[in-house]
Engineer: 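Following this message is one structure expressed as structure tokens.
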Amino acid sequence: MTIAHEDVRTDAAVAAQLRTPTIQVMTMASALNRALADAIEADPEVVVFGEDVGALGGVFRITDGLTERYGEDRCFDTPLAESGIIGTAVGMAMNGMRPVVEMQFDAFALPAFEQVVSHVAKLGNRTRGTMRMPMVIRIPTGGGIGGVEHHCDSSEAYYAHTPGLTVVCPSTPQDAYSLLRAAIASPDPVVFLEPKKLYWTKGEVDTSIVGEIGSARIAREGTDVTLISYGASVATCLEAAEIAAGEGRSVQVVDVRTLTPLDDAAITAAVRATGRAVVVAEAPGYASVASEIQSRVFERCFEFLEAPVRKVTGFDTPYAPPKFEHWYLPDADRVLDAIDTLHWLDEHGEES
């Protein structure tokens, strides 16, 4: 079940924000913190909890100050028991609350995976929609911070493969704010993946913008080739596009933003316009979200393609130690190498 936009709450507080836009420059971490604070203020049923999210403010300080401002009834610490955290959130959501839980690191969420698959994702279908599951599971994801294993996994394929879950992964502070607000307002469960590498990146945030779950965006216009990505890899694609521009190639970048439901229409239109595509993601490539996007592009754009759709991903190995993670993560050079294989013709019509 995915978000039904007509079910999203638009209360007086949100309406007031729409009338009085507020634009500030902030980090992604600050944007997420602001989104949580605004959601708590807008809806008395929103509660935030997880390991060390209270006095400490979370390991990445995303919940900094929330307990002090709103009290332990609205933002509180839990025992170190991820399955218990999700199970508690399920009970709250069943009884009309809107829990927002934090999993400290991506792989730390795996002990709770059975709860997510068996109950969070299925309860709406099990009750034929009579019982909804309005909850958000926030998960810091991906690498690029020099962390060891269990701290740098990219687990999005597990969640995207599970019917009943909406999966979101922003790449900018603006989307972090607006999509988290939309996720909290959703009547159905959302897994909200936060790229750790981007927590300290800055950008303008307009808190009057309500995010649209299920909608991709064009991060950069281009006419020769389309790069399709999400999360931290969007910045890698933008870097590659800038380098390619210096070499005379016009590169379009699509930021998927929502992994499920996927914006097939936007992705298809972008690839048909250029005739070439590369999918870029940090996660291992086998049976991945990147593979699914690649397959969908082939199915929907085959007659428009000038070359096979390539993908650039992490390697099919456990995550690399900190000293070697720069070899593991896709970079601009690997993306540019993939672009070079897309059957380009020289001025004489010969393949170059």
Engineer: Mind checking whether Asp188 and Arg132 have side chains closer than 4.5 Å, heavy atoms only?
Structural biologist: yes
Engineer: Output yes when Arg249 and Asp224 qualify as a salt bridge under the 4.0 Å nitrogen-oxygen rule, no when they do not.
Structural biologist: no
Engineer: Hydrogens and angles aside, do Asp206 and Tyr177 bring a side-chain donor and acceptor to less than 3.5 Å of each other?
Structural biologist: no
Engineer: What are the two closest non-hydrogen atoms of His343 and Pro308, and how far apart are they?
Structural biologist: CE1-CD, 3.9 Å
Engineer: May I have the list of side-chain donor-acceptor pairs in residues 52-62 shorter than 3.5 Å, sequence neighbours left out?
Structural biologist:
from, atom 1, to, atom 2, distance (Å)
Asp52, OD2, Gln104, NE2, 3.1
Arg61, NH1, Gly58, O, 2.8
Arg61, NH1, Val59, O, 3.4

Engineer: Compare all side-chain heavy atoms of Thr166 with those of Val191 and state whether any distance is below 4.5 angstrom.
Structural biologist: no
Engineer: Under 3.5 Å, is there a donor on one side chain and an acceptor on the other for Thr236 and Ser233?
Structural biologist: no
Engineer: Minimum heavy-atom separation for Ala112 and Ile86, please, with both atom names.
Structural biologist: CB-CG1, 3.5 Å
Engineer: With sequence neighbours excluded, give me every salt bridge (Lys or Arg N to Asp or Glu O under 4.0 Å) pair touching residues 64-92.
Structural biologist: Glu41-Arg69
Engineer: Spell out, as yes or no, whether a donor-acceptor pair under 3.5 Å connects the side chain of Asp263 to the backbone of Ala216.
Structural biologist: yes
Engineer: Please find the pair of heavy atoms, one from Val205 and one from Ala31, that lie closest to each other, and give the distance.
Structural biologist: CG2-CB, 4.1 Å
Engineer: List the atom of Gly164, the atom of Pro189, and the distance in Å for their closest heavy-atom pair.
Structural biologist: O-CG, 3.4 Å
Engineer: Rounded to the nearest 0.5 Å, what separation is found between the CD1 atom of Ile293 and the CG atom of Leu262?
Structural biologist: 5.5 Å
Engineer: According to salt bridge (Lys or Arg N to Asp or Glu O under 4.0 Å), does anything in residues 191-200 pair up with another residue at least two apart or in another chain? List the pairs.
Structural biologist: Asp106-Lys196, Arg138-Glu194
Engineer: When rounded to the nearest 0.5 angstrom, what distance separates CD1 in Ile218 from CG in Asp255?
Structural biologist: 9.5 Å
Engineer: What's the separation between atom SG in Cys169 and atom CD in Glu282, rounded to the nearest 0.5 Å?
Structural biologist: 8.5 Å
Engineer: Ignoring hydrogens and geometry, is there a side-chain-to-backbone donor-acceptor pair from Lys122 to Val117 under 3.5 Å?
Structural biologist: yes
Engineer: Which side-chain N or O atoms in residues 140-162 pair as donor and acceptor under 3.5 Å with protein atoms at least two apart or in another chain?
Structural biologist:
from, atom 1, to, atom 2, distance (Å)
His151, ND1, Glu149, O, 3.1
Glu156, OE2, Tyr230, OH, 2.5
Thr162, OG1, Tyr158, O, 2.9

Engineer: Can you tell me how far apart CE (Met133) and CG (Leu165) are? Round to the nearest 0.5 Å.
Structural biologist: 11.0 Å
Engineer: Any sub-3.5 Å donor-acceptor pair from Thr313's side-chain atoms to Gly285's backbone N or O?
Structural biologist: yes
Engineer: Could you check whether any side-chain heavy atom of Val116 comes within less than 4.5 Å of a side-chain heavy atom of Ile137, counting everything from C-beta outward?
Structural biologist: yes
Engineer: In chain order, what residues pass the side chain to side chain donor-acceptor pair (under 3.5 Å) check against Glu114, with sequence neighbours excluded?
Structural biologist: Ser118
Engineer: Between Asp175 and Arg257, does any side-chain N to carboxylate O distance fall below 4.0 Å?
Structural biologist: yes
Engineer: Considering residues at least two apart in sequence or located in another chain, which fulfil the side chain to side chain donor-acceptor pair (under 3.5 Å) criterion with Ser291?
Structural biologist: Ser288
Engineer: Checking side-chain contact (heavy atoms from CB on, under 4.5 Å) against Leu342, which of Leu305, Val278, Val309 comes through?
Structural biologist: Val278
Engineer: Does any pair with a residue in residues 318-335 pass side-chain hydrogen bond (donor to acceptor under 3.5 Å, both in side chains), and if so which ones, sequence neighbours excluded?
Structural biologist: Tyr319-Glu325
Engineer: What's the shortest heavy-atom distance between Cys75 and Thr67, and which atoms?
Structural biologist: O-OG1, 2.8 Å
Engineer: Can you tell me which residue pairs pass the ring pair (Phe, Tyr, Trp, His ring centres under 6.0 Å) test with a partner in residues 25-49, sequence neighbours excluded?
Structural biologist: Phe49-Phe76
Engineer: Filter on ring pair (Phe, Tyr, Trp, His ring centres under 6.0 Å), then keep only pairs touching residues 261-306, sequence neighbours left out; what's left?
Structural biologist: none
Engineer: With no hydrogens and no angle check, is any side-chain donor or acceptor of Arg98 less than 3.5 Å from a backbone partner on Ser186?
Structural biologist: yes
Engineer: Measuring from Arg34:CZ to Gln24:CD, what's the distance to the nearest 0.5 Å?
Structural biologist: 5.5 Å
Engineer: Please confirm whether the backbone N or O of Ala338 pairs with a side-chain atom of Thr341, one donor and one acceptor, at under 3.5 Å?
Structural biologist: yes
Engineer: Ignoring hydrogens and angles, tell me if any N or O in the side chain of Thr130 forms a donor-acceptor pair with the backbone of Thr127 under 3.5 Å.
Structural biologist: yes
Engineer: With sequence neighbours excluded, what pairs up with Thr274 under the side chain to side chain donor-acceptor pair (under 3.5 Å) test?
Structural biologist: Thr226
Engineer: Salt bridge (Lys or Arg N to Asp or Glu O under 4.0 Å): which pairs involve residues 292-304, sequence neighbours left out?
Structural biologist: Asp264-Arg296, Asp264-Arg300, Glu292-Arg296
Engineer: Suppose the criterion is salt bridge (Lys or Arg N to Asp or Glu O under 4.0 Å): which pairs have a residue in residues 226-248, not counting sequence neighbours?
Structural biologist: Arg220-Glu242
Engineer: Any side-chain heavy atom of Met26 sitting closer than 4.5 Å to one from Asn33?
Structural biologist: no
Engineer: Looking only at atom types and distance, does a side-chain atom of Thr27 sit under 3.5 Å from a main-chain N or O of Trp200, one as donor and one as acceptor?
Structural biologist: no
Engineer: Pair Asp340, Arg310 - check salt bridge (Lys or Arg N to Asp or Glu O under 4.0 Å), show working.
Structural biologist: CA-CA 11 Å; Asp340 284 343; Arg310 306 297 188 191; over 6 Å; no
